[in-house]
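A, B, ... follow the sequence lines: proteins, then strands. Residue 1 opens every chain. Fair warning: this is a prediction, and the values are worked out from it, not measured in the lab.
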Amino acid sequence: MGRQPHGAAPETGGAADFAPRLLAWFDGHGRHDLPWQHPRTPYRVWLSEIMLQQTQVATVTGYFERFVAALPELPALASASQEQVLALWSGLGYYARARNLHAAAKACVERHGGELPRDLDALVALPGIGRSTAAAILSQAWGDRHAILDGNVKRVLARYHGVDGWPGTPKVEKKLWAFAEAHVASPALPDDRLPDYTQAQMDLGATLCTRANPACLLCPLHTDCVAHREGRAGELPTPRPGKTLPQREAQVLWLEDAQGRILLQQRPPAGIWAALWTLPQADDEAQARQWLERTTTAAPAAGASLPAIAHAFSHYRLTLHPRRWHGVALRDRVGDNDGLRWVARGELRSLGIPAPIRRLLES
DNA sequence: AATGCGGGGAT
DNA sequence: ATCCCAGCATT
């Protein structure tokens, strides 16, 4: 979409002003000191974008600092162990991101000379990088002209253009992509300002055009914003259809040996908490007793019950019922192939452990 | 087109 | 207690 031929058309005149107004606001009010902006290398931008998927900035910053301190460049990540990568990710959630990141780094060493490719399709071909993440990397690290469409931009554009419908549906998402592409193609967006433009959209969405209580009167776009004009900023974007989450229970077995080491078990490579280390888990008390008798010397009835732990996932709720035994040994015929491992307390921080289990063990 | 996949911040 | 966040992969 180019400039209007003469003057500003009443309905769409705001569209040509989108980028300039956003940039002017960004220069004075945007975030210019996020950790991945200094230096803004492709590797650091990539890592930040992956960590920021479905995760807020305040949660990410500490993880980002620790990760780049341990693995400062792409080749270091490629040659790191999966164990180290998962340990650095431990507590951040969505662990497939870490496995994909690791695999993508190896692919870059194999196929791209140890660097991220400066090409949208080549980036999207890497595991864990979709269209929006690829565009964010290219625009922020290289200044290339690509549109992003993350949660912030979806919210800003749904309001600015008055787009109805939940953005999770392909139909609505397609509309939003079209608007995002139109704005980034505007001649009013200077060639040298793509990194700032991309950051500015996310900053606006994160600081002013927030989900609840948007600060419309401070917004540089509010005079052209359809939602604001119609008093619907509070209703857009349309919320996701509600659903009641299923409830599940699990028994958690906290076993310590004579030296106070803790028995951990590595979870299967797929599913929830894939490949992470957790306390042995059973679906109910009967299965817990059976597993204890078959695998350990622990007397099932001797376990001390601990307070239940409520943990919410995005798709179900889990109530964990922990019990604890001391002075336990494994039975002779239990091999190493069960993914079982005695772990000293000091060793816990070097392993990928789900957040609620880590909290329990450190309580 | 729908679902699986964490954890925490905001209200 | 509820929603959803700098999404992507899989089915």
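Closest contact between the side chain of A:Ile272 and the listed nucleotides B:dC5, C:dA9, B:dG7 involves B:dC5. The side chain of A:Asn152 has C:dA6 as its nearest neighbour among C:dG7, C:dA6, B:dA1. Side-chain atoms of A:Arg317 lie closest to C:dT2 of the nucleotides B:dC5, C:dC8, C:dT2. Among B:dG9, B:dG7, C:dA6, the nucleotide with an atom closest to any side-chain atom of A:Ala355 is B:dG7. Here the nucleotide nearest the side chain of A:Ser132, chosen from C:dA6, C:dC8, B:dT11, is C:dC8. Checking B:dT11, C:dC8, C:dC4 against every side-chain atom of A:Pro239, the shortest atom distance belongs to C:dC4. The side chain of A:Thr133 lies closest to C:dC8, out of B:dG7, B:dT11, C:dC8. Listed nucleotides B:dG6, C:dA6, C:dC4 differ in distance to A:Phe313; the shortest reach to its side chain belongs to B:dG6. Of the candidate nucleotides C:dA6, C:dC8, B:dG8, B:dG8 has the atom nearest to the side chain of A:Thr59. Side-chain proximity of A:Tyr94 to the nucleotides B:dG7, B:dT11, B:dG6 is greatest for B:dG6.
Distances shorter than 4.0 Å separate none of the side-chain N or O atoms of A:His311 from OP1 or OP2 on B:dG6. Contact check, A:Tyr95 against B:dG7: a side-chain N or O comes under 4.0 Å of OP1 or OP2. A:Trp273 has a side-chain polar atom (N or O) that falls below the 4.0 Å cut-off from OP1 or OP2 of B:dG7. Contact between the side-chain N/O atoms of A:His315 and the OP1/OP2 oxygens of B:dC5 is found at a separation under 4.0 Å. Between B:dG8 and A:Gln56, no contact under 4.0 Å exists linking OP1 or OP2 to a side-chain N or O. Phosphate proximity of C:dC8 to A:Arg99: absent, as no side-chain N or O sits under 4.0 Å from OP1 or OP2.
In this structure, CG of A:Leu245 is placed 12 Å from C1' of C:dC4, rounded to the nearest angstrom. With rounding to whole Å, A:Arg97 atom CZ is found 12 Å from B:dG8 atom C1'. Going from atom CG of A:Leu318 over to atom C1' of B:dC5 covers 14 Å, rounded to whole Å. Here B:dG4 presents its C1' atom at 14 Å from CZ of A:Arg267, a figure rounded to the nearest Å. Atom pair A:Leu126:CG and C:dG7:C1' shows a separation of 16 Å (rounding to whole Å applied). For A:Ile50 and B:dC5, the CD1 to C1' distance is 15 Å, given to the nearest whole Å. When rounded to the nearest whole Å, the span between CE of A:Met202 and P of C:dC5 equals 15 Å. Rounded to an integer number of Å, the gap from CZ of A:Arg359 to P of B:dG6 is 15 Å.
Positionally, the nearest nucleotide of DNA chain B for A:Leu92 lies more toward the 5' end than for the other of A:Leu92 and A:Asn213. Nucleotides of DNA chain B nearest to A:Thr169 and A:Gln54 differ in position, and the one nearer the 5' end is that of A:Thr169. For A:Pro127 and A:Trp166, each mapped to the nucleotide of DNA chain C holding its nearest heavy atom, the one lying further toward the 5' end belongs to A:Trp166.
Between the side chains of A:Thr223 and A:Arg229, no donor-acceptor pair is found at a separation under 3.5 Å. Using a 3.5 Å distance cut-off with no hydrogens or angles, the side chains of A:Gln251 and A:Glu285 do not pair a donor with an acceptor. Using a 3.5 Å distance cut-off with no hydrogens or angles, the side chains of A:His32 and A:His38 do not pair a donor with an acceptor. Side chains of A:Asn100 and A:Arg97: a donor-acceptor N/O pair is absent below 3.5 angstrom, by distance only. Using modelled atom types and a 3.5 Å distance limit, the side chains of A:Arg358 and A:Ser90 yield a donor-acceptor pair. Side chains of A:Glu249 and A:His321: a donor-acceptor N/O pair is present below 3.5 angstrom, by distance only.
Side-chain contact between A:Phe64 and A:Leu34: absent, with no pair of heavy atoms (C-beta onward) separated by less than 4.5 Å.
Here A:Gly205 lies out of heavy-atom contact (under 4.0 Å) with every strand. Within the 4.0 angstrom heavy-atom criterion, no nucleotide atom of any strand lies near A:Glu173. Within 4.0 Å of A:Gly91, counting heavy atoms only, lie sugar-phosphate atoms of the nucleic acid but no base atom. Counting any heavy atom pair closer than 4.0 Å across all strands shown, A:Ala136 reaches no nucleic acid atom. Across all strands, A:Val60 comes closer than 4.0 Å to no nucleic acid atom at all (heavy-atom distances).
Nucleotides B:dT11 and C:dA6, compared at atom P, are 13 Å apart to the nearest Å. Across the P atoms, B:dG8 and C:dC8 are found 22 Å apart, a figure rounded to whole Å.
For A:Arg240 against B:dA2, a side-chain-to-base donor-acceptor contact under 3.5 Å is absent. Interface remark: the A:Arg211 side chain does form a donor-acceptor pair with the C:dC3 base, using a distance-only criterion of under 3.5 Å. Judged by distance alone with a 3.5 Å cut-off, no donor-acceptor contact links the side chain of A:Ser314 to the base of B:dG7.
Screening A:Gln265, A:Glu347, A:Gln266 for a side chain to side chain donor-acceptor pair (under 3.5 Å) involving A:Arg341 leaves a single residue, A:Glu347.
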